[in-house]
Amino acid sequence: MSSISKLANFVLILSAANMVHAEDVNNVTDLAVKALGDANISQASLSHTAASDLIQTTQLLKSKSADKQFILPPLVQVGEADLDVLWFDVYLAKLYSVDGTYQPQQFPIKLAIQYHRDISAAELIEATTEQWQANGLTASEINRIKKHLTLSWPDVKKNDTLSFIIHNDKQAEFLFNDKSFYQLEDAEFSAAFIGIWLSETTTEPELRQQLIGATQ
C-alpha cells in the first residue's frame, strides 16, 4: 500500500471511530497535506487506487461534518431578490429570521439561494472569492476561510437550493435542498459569507435592500 493510501485509510479509521468531527475536519486536512508534503508525494504520482482512497476520505469527512442536529425555531421570510447578470437569470435569494426583520448579529438567520441554471462547484467558489475580494478581504483572510467551500460545496443544477444558516455567534451550517451537509464553527467565515449579500459594502446594494425588507 502506498503512503498516500495508508494516510487515507488512517483518516478513514479515525472517522469510523467517531474521532473526526466537524470542528476537526480542517485540522485533519491540514495535517494530511503537511504529511504528503513531508513525504514528497506529488499529485501526479497518485495511483488510481490511492486517488479513490482520498475521494472516499473526503466524502466521509463531509458526511461526518453534518452529523449534528440543530433545533431551528420557525423562521419568517424577511425579503427576497433575484440576481440577473446580463440576460441570464442566476438565482433567487430569500432571507429568513425569527421575527421577519433583519438585525445584524441577530441569530438564527437563514439565506436560501435557489439557482436558475446549472453551476459547477468550481464556478461557485470562484464567484464567492471574487465577492470577498470586492468586499475588501485580504488574500490571507480568503485563504483561511475558503477551505470550507472547497471541502463542502457541490455542483448545483437548475432549481437546486443552497442554504446557509447561522445558528449563533459560533455555529453555522450549509443545507443542500433542505438537507444539512456541512457544519462549521468559524465566525470569520460566517460573517464573510453572509456579508456578500448583507454587508453595507456588498456589490449588489439593491439586492441587499430587497433581502432585508427595506424596499417594502
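Owing to the predicted nature of the structure, the values given are computational and were not obtained by experimental measurement. Numbers here simply count residues along the sequence, with the first being 1.
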Worksheet item: Can you find a heavy atom in the side chain of Ile119 that is under 4.5 Å from one in the side chain of Val90?
Response: yes
Discussion item. Do Tyr96 and Phe107 land in one hydrophobic cluster if side-chain heavy atoms of ILVMFWY residues count as linked below 4.5 Å?
Written reply: no
Practice prompt. Using the rule that two of Ile, Leu, Val, Met, Phe, Trp, Tyr join whenever any of their side-chain heavy atoms come within less than 4.5 Å, decide whether Phe176 and Leu92 are in one cluster.
Written response: no
Fill in: Taking every non-hydrogen atom, the tightest pair across Gly100 and Ser97
N-OG, 3.0 Å
Practice prompt. Could you grab the distance from atom CD of Gln131 to atom CD of Glu126, nearest 0.5 Å is fine?
Written response: 11.5 Å
Response to the item:
Heavy-atom closest pair (Ala112 atom, Thr161 atom, distance to 0.1 Å) is CB-CG2, 4.2 Å
Worksheet item: Does the side chain of Asp169 come within less than 4.5 Å of Gln105's, by heavy atoms?
Response: no
Fill in: Ring centres under 6.0 angstrom apart (Trp153, Phe193)
yes
Worksheet item: Less than 4.5 Å apart, any side-chain heavy atom of Ile165 and any of Leu72?
Response: yes
Worksheet entry | Connected via hydrophobic side-chain network under 4.5 Å: Leu162 and Leu75 | no
Practice prompt. Please report the shortest heavy-atom distance between Asn135 and Gly195, naming the atom on each side.
Written response: ND2-O, 3.4 Å
Practice prompt. Give, for atom CG of Leu124 and atom CG of Leu149, the distance between the pair rounded to the nearest 0.5 Å.
Written response: 9.0 Å
Discussion item. Run Lys94 and Gln77 through side chain to side chain contact (heavy atoms under 4.5 Å, CB included) and show every step you take.
Written reply: CA-CA 7 Å; Lys94 297 181 180 181; Gln77 183 172 318; 3.7 Å; yes
Worksheet item: What do the steps show when you test Phe174 against Ser180 for side chain to side chain contact (heavy atoms under 4.5 Å, CB included), and what is the final call?
Response: CA-CA 6 Å; Phe174 280 107; Ser180 177; over 6 Å; no
Discussion item. Quick check against the 3.5 Å criterion: does Thr202 have a side-chain atom that pairs as donor or acceptor with the backbone of Pro205?
Written reply: no
Worksheet item: What closest approach, in Å, do Ala192 and Leu137 show between heavy atoms, and which atom pair accounts for it?
Response: CB-CD2, 3.8 Å
Item to complete: Report the C-alpha separation of Ser120 and Glu123 in whole Å, then their side-chain angles, then the decisive distance to 0.1 Å, and conclude whether the side-chain hydrogen bond (donor to acceptor under 3.5 Å, both in side chains) test is met.
Response: CA-CA 5 Å; Ser120 70; Glu123 290 176 305; 3.3 Å; yes
Worksheet entry | side chain to side chain contact (heavy atoms under 4.5 Å, CB included) between Asn159 and Tyr115, worked out | CA-CA 5 Å; Asn159 294 324; Tyr115 291 89; over 6 Å; no
Item to complete: Kindly indicate whether the side chain of Leu95, heavy atoms from C-beta on, has any atom under 4.5 Å from the side chain of Lys110.
Response: no
Worksheet entry | Leu175 and Lys179, any side-chain heavy atoms less than 4.5 Å apart | no
Discussion item. Please report the interatomic distance CD(Glu185) to CD(Gln171), rounded to the nearest 0.5 Å.
Written reply: 4.5 Å
Worksheet item: Taking C-beta and beyond as the side chain, do Val98 and Pro108 meet within less than 4.5 Å on heavy atoms?
Response: yes
Item to complete: Check whether any side-chain N or O of Arg208 sits under 3.5 Å from a backbone N or O of Leu198 as a donor-acceptor pair, and report yes or no.
Response: yes
Worksheet entry | Spacing of CZ belonging to Phe70 relative to CD belonging to Gln183, to within rounding of 0.5 Å | 4.5 Å
Worksheet item: Would you say the side chain of Val78 lies within less than 4.5 Å of the side chain of Thr101, judging by non-hydrogen atoms?
Response: no
Fill in: Val76 with Leu211, same ILVMFWY side-chain cluster at under 4.5 Å
no
Worksheet item: When rounded to the nearest 0.5 angstrom, what is the spacing between CD1 in Ile166 and CD in Gln106?
Response: 12.0 Å
Practice prompt. Nearest 0.5 Å please: distance from the CD1 atom of Ile145 over to the OG atom of Ser140.
Written response: 10.0 Å
Worksheet item: Can you check whether Thr138's main-chain N or O pairs, donor with acceptor, with Glu141's side chain at less than 3.5 Å?
Response: yes
Worksheet item: Are His148 and Phe189 near enough that their ring centres are under 6.0 Å apart?
Response: yes
Worksheet item: Can the ring centroids of Phe164 and Tyr182 be said to lie less than 6.0 angstrom from one another?
Response: no
Discussion item. Using the side chain to side chain donor-acceptor pair (under 3.5 Å) definition, which of the options Asp89, Asp82, Asp84 pairs with His116?
Written reply: Asp82
Worksheet item: With distance as the sole test, does Asp160 use its side chain to make a donor-acceptor pair with the main-chain N or O of Val156 at under 3.5 Å?
Response: no
Worksheet entry | Close side-chain approach of Ile142 and Gln133, heavy atoms under 4.5 Å | yes
